[in-house]
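Letters A, B, ... are given to chains in the order of the sequence lines, protein chains preceding strands, and every chain is numbered from 1. These numbers were taken from a predicted model, which means no experiment stands behind them.
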Number of protein chains: 4
Amino acid sequence: MNFQSDKPIYLQIIDIVMEKILTKEWNSGDKILSVREFAASVEVNPNTVMRSYDKLQQDEIIFNKRGLGLFVSENAIQIILKEKKVNFIQVEVPKFFQTAKLLNISIDELIELYKSN
Amino acid sequence: MNFQSDKPIYLQIIDIVMEKILTKEWNSGDKILSVREFAASVEVNPNTVMRSYDKLQQDEIIFNKRGLGLFVSENAIQIILKEKKVNFIQVEVPKFFQTAKLLNISIDELIELYKSN
Amino acid sequence: MNFQSDKPIYLQIIDIVMEKILTKEWNSGDKILSVREFAASVEVNPNTVMRSYDKLQQDEIIFNKRGLGLFVSENAIQIILKEKKVNFIQVEVPKFFQTAKLLNISIDELIELYKSN
Amino acid sequence: MNFQSDKPIYLQIIDIVMEKILTKEWNSGDKILSVREFAASVEVNPNTVMRSYDKLQQDEIIFNKRGLGLFVSENAIQIILKEKKVNFIQVEVPKFFQTAKLLNISIDELIELYKSN
DNA sequence: GTGGTCTAGACCACC
DNA sequence: GTGGTCTAGACCACA
């Protein structure tokens, strides 16, 4: 697994988990990969995965059944969307297009960049 | 001076200087605030300002006249814009589309948001 | 460790690192000495070593694996040679010929000196 | 007058004076430009020229006739050559060609660089 | 453990 | 006065 160096790995792992939930690869009630399994699969220190899972539990996106493992919460998707989408659309999107405008980058160019991504 | 805590102060100082140049508060050939003056004015350690000025010199946005001080380069504005553009395309754009993907927002929806802006 | 006094220590440290890479004492992918280790080994303040490592990272000769340390880049050797070549041609060569001119030494005499070398 | 920023201006002024003497633009016994005249002609602070003249007097390349001005010494040329030439030929020249060799730059390429200088 | 940021204070050459 | 280098020591997030 390749991680960008400018973003903490544990946050990148959170993004991976969220994506798996949003794309329904992992559904509500499903048991997710154990810390050790996940750590092995992405070649990262288990402590780092532990930290990601901690954060996800705090946000109630996953929860712990003692002795059984970690599971996707009932309303995981709603929590994720609520947490991210509002901020994205109301804050990041306008800022993004504004910067593009400042730098004289047209919408067509942005679409090109999107495709080559 | 208030600095946000999530971004290193020395980078925020670079932003301040770039802003002053882009808004023509400081023009090509102008002497900029000395390390000590700037440090005092924003209540920061001179070493921190030095670090910012060092980076700005490396990027040839300012230059040193020995013993006299630091001055705004001839092409400062072009360099700044080019630099911002590179960062935007290589860093911000991918991050933006990645988040959009994570949130299941299609390119068409983004274009809609762009138009209603 | 003995440093010459006429050249900043942090630049001399950069030279040491480059030398270790060019002589393959440190190879691509190898972890290099940590800031603190290097600082202790050459009896210098960690900040000074940090400054050297910072420059080496900017030039992409070494890179950071977060929390693990700094490692030699894939293309480190090529980058170093290219960098040295640019400096030689743009800085040393003009300075050399300028001094020769000052001392009234002709190009033919220099060629003679080259041959007898 | 354009000065390179990497070499102290007062040393660059010394080089100018030496060149004028070596090229016999200024001969033994000639009165040289006063500090103020020279400073004005190269657009530099008189203190800086003063420093250069001080150094040249220490090296006995020029000397002071009280109230009359500064004059080129009898054996100025010999002093300059002795001071510079030996070191150049015995130290700098070998080092220069050695670096060129390390960087795979041929004598022909160096000659090209000389011509385009 | 790792790198990275920041402060405080000293010293230097240069103009 | 100017920028630049260096030390000492603190604190932080990250793995």
Side-chain angles (χ1 to χ4, degrees), chain A residues 3 5-13 35 39 42-52 54-55, chain B residues 3 5-13 31-39 42-58 62-71, chain C residues 3 5-13 31-39 42-57 62-71, chain D residues 3 5-13 39 42-52 54-55:
Chain A
F3 293 97
S5 59
D6 62 320
K7 192 174 183 177
I9 292 175
Y10 83 99
L11 289 179
Q12 297 184 54
I13 289 176
V35 170
V42 293
E43 291 173 322
V44 147
N45 192 301
N47 288 328
T48 305
V49 175
M50 193 58 183
R51 187 164 181 179
S52 308
D54 272 352
K55 178 76 163 52
Chain B
F3 291 100
S5 58
D6 62 323
K7 193 175 180 177
I9 292 175
Y10 81 97
L11 289 180
Q12 297 185 51
I13 289 175
K31 182 177 180 308
I32 70 174
L33 282 180
S34 78
V35 173
R36 291 164 180 84
E37 285 170 347
F38 203 145
V42 295
E43 291 173 322
V44 147
N45 190 288
N47 284 331
T48 304
V49 175
M50 191 53 161
R51 190 167 177 178
S52 308
Y53 280 8
D54 198 43
K55 178 75 165 53
L56 287 164
Q57 274 192 81
Q58 281 172 26
I62 59 176
F63 66 97
N64 182 9
K65 288 190 194 170
R66 312 244 330 218
L68 300 179
L70 292 163
F71 298 76
Chain C
F3 290 101
S5 57
D6 63 322
K7 193 174 180 179
I9 292 175
Y10 82 96
L11 289 179
Q12 297 183 53
I13 289 175
K31 182 178 180 305
I32 71 174
L33 283 180
S34 78
V35 172
R36 291 165 180 82
E37 285 169 347
F38 204 144
V42 294
E43 291 173 320
V44 148
N45 190 288
N47 284 331
T48 304
V49 175
M50 192 54 158
R51 190 167 179 179
S52 309
Y53 280 8
D54 199 43
K55 177 76 165 52
L56 288 164
Q57 274 192 81
I62 60 177
F63 67 97
N64 182 9
K65 289 190 192 169
R66 312 243 330 215
L68 299 179
L70 293 163
F71 297 75
Chain D
F3 292 98
S5 59
D6 62 320
K7 192 173 181 177
I9 292 175
Y10 83 96
L11 288 180
Q12 297 184 53
I13 289 175
V42 293
E43 290 172 322
V44 148
N45 191 300
N47 289 328
T48 305
V49 175
M50 193 57 183
R51 186 165 181 179
S52 308
D54 271 352
K55 178 76 164 54

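- Mapping B/Tyr53 and C/Ile9 onto DNA chain F by nearest heavy atom places B/Tyr53 closer to the 5' end of the strand.
- Considering every non-hydrogen atom in both C/Arg66 and A/Lys7, the closest pair reads NH1-C, 3.9 Å.
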Taking Watson-Crick (N1-N3 plus N6-O4 or O6-N4) and G-U wobble (N1-O2, O6-N3), each under 3.5 Å, can you produce the dot-bracket string of DNA chain E? Use [ ] for crossing pairs and | for inter-strand ones. ||||||||||||||.

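- Using a 4.0 Å heavy-atom criterion, one finds that C/Val44 contacts the sugar-phosphate atoms exclusively.
- What separates CZ of D/Phe3 from C1' of E/dC15 is a distance of 12 Å, to the nearest Å.
- Counting any heavy atom pair closer than 4.0 Å across all strands shown, C/Asn47 reaches a base atom.
- Nearest heavy-atom pair, A/Pro46 versus A/Ala39, reported as atom, atom and distance to 0.1 Å: CA-CB, 3.7 Å.
- Annotation for A/Phe3 and A/Val42: closest pair CE1-O, 3.9 Å, computed over non-hydrogen atoms.
- When the side chain to side chain contact (heavy atoms under 4.5 Å, CB included) test is applied to D/Asn47, the partners found at least two apart in sequence or on another chain are D/Asn45.
- Mapping C/Lys65 and C/Pro8 onto DNA chain F by nearest heavy atom places C/Pro8 closer to the 5' end of the strand.
- B/Ser34 pairs by the side chain to side chain contact (heavy atoms under 4.5 Å, CB included) definition with B/Lys31, B/Arg36, B/Glu37, not counting sequence neighbours.
- Mapped onto DNA chain E by nearest heavy atom, B/Leu68 and C/Leu70 fall at different nucleotides, with C/Leu70 at the one closer to the 5' end.
- Judged as a side chain to side chain donor-acceptor pair (under 3.5 Å), and not counting sequence neighbours, A/Asp54 has no contacts.
- Between C/Gly69 and D/Asn45, the residue whose closest nucleotide on DNA chain E is further toward the 5' end is C/Gly69.
- Note: CD (D/Gln12) to C1' (E/dC14) measures 12 Å, nearest angstrom.
- Think of the region where chain A sits on DNA chain F: with heavy atoms and a 4.0 Å cut, that region ends 5' and 3' at F/dC14 to F/dA15.
- The side chain to side chain contact (heavy atoms under 4.5 Å, CB included) test applied to D/Ser52 returns D/Tyr10, D/Ile13, D/Ile14, not counting sequence neighbours.
- Heavy atoms of A/Tyr10 sit under 4.0 angstrom from primed sugar atoms or phosphate atoms, though from no base atom.
- Atoms NZ and CZ, on D/Lys55 and D/Arg51 in that order, are 10.5 Å from each other to the nearest 0.5 Å.
- With sequence neighbours left out, the salt bridge (charged side-chain N to carboxylate O under 4.0 Å, His left out) criterion links B/Lys65 to no other residue.
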